[in-house]
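For reference, the structure is listed below as structure tokens.
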Amino acid sequence: YVLSTLDDIYFEVVIVDPIFPGGENAFRKYISKNLKYPKEAVERNVQGRVTVEYDIDTDGSVINVTVTRSVDPLLDREAKRVITNCPKWKPGTRNGQPVRMHMTCPIPFKLQ
């Protein structure tokens with residue numbers, strides 16, 4: 001939280017981050033279960049970490065999904081697809097009111 005002062009009046013701003021249904025471990029499981037390594041990327045031995053940024057809206061939906069660290073268009077599309085299709089989150093709040101919050105998620109693609 002942030003504590004600020006204005007003429008001896010204190011304001012406490014309490015911010016709570018969005019929560020994926022079931023928590024952070026459930027989010028990781030969702031990604032690993034739903035991520036499909038593109039066949040052409042496997043054939044070309046394409047690997048790396050795609051970073052996806054997105055917003056959790058006030059109703060918990062995932063919006064404004066963009067790839068901010070690209071590896072290859074095949075992997076980028078798949079990372080974006082998985083995040084876009086997430087179930088609704090519990091939205092973040094500011095002083096108890098739902099607010100849109102920006103999130104970042106690195107998604108590793110690694111061949112064994």
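The analysis underlying the following values was restricted to heavy atoms, covering all of them including side chains, and did not include hydrogens, waters or symmetry mates.
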Checklist entry - Do the rings of F27 and Y54 sit parallel, tilted or perpendicular, given the 30° and 60° boundaries? => result tilted
Please round to the nearest 0.5 Å and tell me the distance separating atom [atom1] of [X] and atom [atom2] of [Y].
X: I83; Y: E78; atom1: CD1; atom2: CD; answer: 10.5 Å
X: N34; Y: C86; atom1: CG; atom2: SG; answer: 8.5 Å
X: F20; Y: R28; atom1: CZ; atom2: CZ; answer: 12.0 Å
X: D59; Y: I56; atom1: CG; atom2: CD1; answer: 9.5 Å

Next on the checklist: Would you say that more than 12 heavy atoms from the other residues, nucleotides or ligands in this model lie under 6.0 Å from the CD of E24, or not?
Outcome noted: no
Checklist entry - Is a donor on one side and an acceptor on the other found under 3.5 Å between the side chain of S61 and the backbone of D57? => result no
Checklist entry - Checking Y30 side chain against V82 main chain: does a donor-acceptor pair fall under 3.5 Å? => result yes
For a quick test of your reading: what N or O donor-acceptor pairs under 3.5 Å do the side chains of residues 101-112 make, sequence neighbours left out?
| residue | atom | partner | partner atom | Å |
| --- | --- | --- | --- | --- |
| H102 | ND1 | D55 | OD1 | 2.8 |
| H102 | NE2 | E53 | OE1 | 2.8 |

Item to check | Pairing residues for R49 by the side chain to side chain donor-acceptor pair (under 3.5 Å) criterion, not counting sequence neighbours | outcome: none
Next on the checklist: Using the rule that Ile, Leu, Val, Met, Phe, Trp and Tyr join whenever any side-chain heavy atoms are under 4.5 Å apart, tell me whether L74 and V67 fall into a single cluster.
Outcome noted: no
Checklist entry - Does one hydrophobic cluster hold both I15 and W89, with members joined at side-chain heavy-atom distances below 4.5 Å? => result no
Checklist entry - V46 versus L75: any side-chain heavy-atom pair under 4.5 Å? => result yes
Next on the checklist: Is any side-chain heavy atom of P91 closer than 4.5 Å to one of V99?
Outcome noted: no
Item to check | salt bridge (Lys or Arg N to Asp or Glu O under 4.0 Å) contacts touching residues 63-77 (sequence neighbours left out) | outcome: R44-D72
